[in-house]
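One structure below.
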Amino acid sequence: ERNNRNAVGIGLVAFAAAILLSILIAARVSKPLVRIADQCEEIGRFELGGPSLGRSRISELDRLMTATEEMKVSLRSFQRYVPARLVREMSQSGVEADLGGESRVLTVLFSHVVGFAELQRRLPPAELVERLGSYFHQVTEEIETTGGTLDKYIGDAVMAFWGAPVALEDHAARACRAALEAQARTGELAARWADADGAGFAAAVGINTGELVVGNMGSRSSLNYTVLGDAVNVAARLEGLNKVYGTRILLGEATQRAAGDRIVSRRIDRVAVKGKTQGIEIFELLGMRDQPNAGALQALAEAYEASLELYFGRRWEDAAAGFGELLADHPDDGPARLVLERCR
């Protein structure tokens, strides 16, 4: 009986010890598994900045943790090739990316480095790549800050759009703000580089709004989330027209109308566009209405547009006098100088 009691006691102690040991082992295994599961959920949302999982003495767990870390590193590299916000939107929707698009009213922006061919001749390739990378970084940050979607880099140009995949009611005003902020930051870069070696650096921007097809374009094996339509072509041509007028940011009339009183702009001219039967009015973006100097910019816009009305009315001498007065106060005003020459 004593031996039986001892055996039962020993058995109970051994059973309790086994349960305790099982709990300890389970906790040692489950805690890393919970961390791995949490990080896998973050990876599924394309959130790749979580802390490292570390290592484990259990070989199977160690392999799983190492594989998860390697996956994060690979995805962080992949993230540089595609807009992360776009991937997050698609992962949250639970719909796999496939060919197709939909019609939406969006705002498109093209930004191009002025005199890039000259820069290529003046700067060593490594220096040119570094400067171009700094410029792209500044522009891309402003695009993403204002809710835009980076479409692609085309040589020394940037293409972006607002209003997709996330619908934005004020997409035109957001694009205008991004352009102004990007130009300000580009100016800071240009001043620094000019002090270093005297090489100039500037960018020209074209923005247009219209009904576009947005979605996944390409092939079954390789997709690009992009936009197609006439408004894209007009935006690209507006960017090129900055060279003609000596401006930095030109808007299509649809963008100027959509942005409304959020921006300060001036009508620059009426131009012919390939593929259209009628001319379109183009506008220069001067600033945002909430800027401290908005009043002065508005006064400049009104003075220019008053003389432009005289020009459109073929009152050449009166228009020339008006543009001459404007240039006396703003001698570097490119559009005023150009239209004054036409009047003469």
Side-chain angles (χ1 to χ4, degrees), residues 107 109-112 114-115 172-173 175-177 179-184 186-187 190 200 202-209 234-274 276-344:
T107 298
L109 175 148
F110 279 89
S111 179
H112 171 82
V114 177
C176 291
R177 187 176 295 277
L180 288 167
E181 294 295 334
Q183 288 287 48
T186 300
V205 178
I207 305 174
N208 194 40
T209 300
V234 173
R237 293 188 176 101
L238 288 174
E239 179 268 311
L241 280 175
N242 283 287
K243 184 189 300 183
V244 176
Y245 292 95
T247 53
R248 285 289 175 258
I249 307 174
L250 286 178
L251 311 177
E253 56 186 300
T255 302
Q256 194 273 343
R257 194 165 51 247
D261 59 3
R262 299 183 184 91
I263 64 171
V264 180
S265 63
R266 61 174 174 174
R267 184 175 57 160
I268 291 295
D269 203 354
R270 188 181 298 124
V271 299
V273 178
K274 185 178 179 181
K276 288 186 175 292
T277 57
Q278 294 182 334
I280 64 169
E281 291 189 334
I282 61 174
F283 296 78
E284 181 186 12
L285 177 63
L286 299 176
M288 301 301 294
R289 188 67 64 179
D290 55 9
Q291 288 180 210
N293 64 338
L297 295 176
Q298 184 63 41
L300 170 63
E302 291 173 358
Y304 178 89
E305 290 189 9
S307 298
L308 190 67
E309 280 298 323
L310 297 172
Y311 164 76
F312 285 145
R314 299 171 181 264
R315 295 169 57 184
W316 314 120
E317 292 183 359
D318 293 339
F323 286 123
E325 291 177 8
L326 192 151
L327 284 168
D329 296 328
H330 305 276
D332 296 327
D333 194 295
R337 188 182 305 111
L338 175 67
V339 185
L340 174 60
E341 288 302 318
R342 291 179 184 172
C343 291
R344 289 172 175 167

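Everything numeric in this text was worked out from a predicted model, so none of it was measured.
Side chain of Glu281 to backbone of Asp269: no donor-acceptor contact under 3.5 angstrom is found. A donor-acceptor pair is defined here as one N or O able to donate and one able to accept, closer than 3.5 Å; no such pair exists between the side chain of Thr255 and the backbone of Leu251. A donor-acceptor pair under 3.5 Å links the side-chain atoms of Gln291 to the main chain of Met288, judged by distance alone. Between the side chain of Arg337 and the backbone N or O of Gly246 there is no donor-acceptor pair closer than 3.5 Å. Side-chain atoms of Asn293 never come within 3.5 Å of backbone atoms of Ala296 as a donor-acceptor pair (strictly under, hydrogens ignored). Remark: the backbone N or O of Ile249 is paired with a side-chain donor or acceptor of Asn242 at under 3.5 angstrom. Judged by distance alone, with hydrogens and angles left aside, the side-chain atoms of Tyr304 form a donor-acceptor pair with the main-chain N or O of Ile268 at under 3.5 Å. Side chain of Arg267 to main chain of Phe283: no donor-acceptor pair is present (N/O by atom type, distance under 3.5 Å, no hydrogens or angles).
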Kindly determine whether Leu250 and Glu284 satisfy side-chain contact (heavy atoms from CB on, under 4.5 Å), including the steps that lead there.
CA-CA 5 Å; Leu250 286 178; Glu284 181 186 12; 4.3 Å; yes

Go through Thr107 and Asn208 one step at a time and tell me if the side-chain contact (heavy atoms from CB on, under 4.5 Å) criterion holds.
CA-CA 6 Å; Thr107 298; Asn208 194 40; over 6 Å; no

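Contact detail for Ser265 and Glu305: the closest heavy-atom pair is O-OE2, 4.0 Å. In terms of heavy-atom proximity, Leu238 sits nearest to Ile207 at CD1-O, 3.4 Å. Shown here for Val114 and Ala203, the closest heavy-atom pair between the two residues is CG2-C, 3.9 Å. Heavy atoms only, all atoms of each residue included: Ala179 and Val205 are closest at CB-CG1, 4.1 Å. Nearest heavy-atom pair across Arg289 and Ala294 is O-CB, 3.5 Å. Taking all atoms of both residues into account, the shortest heavy-atom contact from Leu109 to Ala175 is CD1-O, 4.1 Å.
To the nearest 0.5 Å, atoms CG (Leu300) and CG (Leu326) are separated by 5.5 Å. Going from atom CZ of Arg177 over to atom CD1 of Ile263 covers 11.0 Å, rounded to the nearest 0.5 Å. Between the OG1 atom of Thr186 and the CD atom of Glu181 there is a distance of 11.0 Å, given to the nearest 0.5 Å.
Side-chain contact check for Arg314 versus Trp316: some heavy-atom pair is nearer than 4.5 Å. Tyr245 is listed as a side-chain neighbour of Val271, based on a closest heavy-atom distance under 4.5 Å.
The number of heavy atoms from other shown groups lying within 6.0 Å of CD (Glu341) is above 12.
With no hydrogens or angles considered, no side-chain donor-acceptor pair links Gln298 and Arg266 at under 3.5 Å.
For Tyr311 and Phe323, the ring centers sit 6.0 Å or farther from each other.
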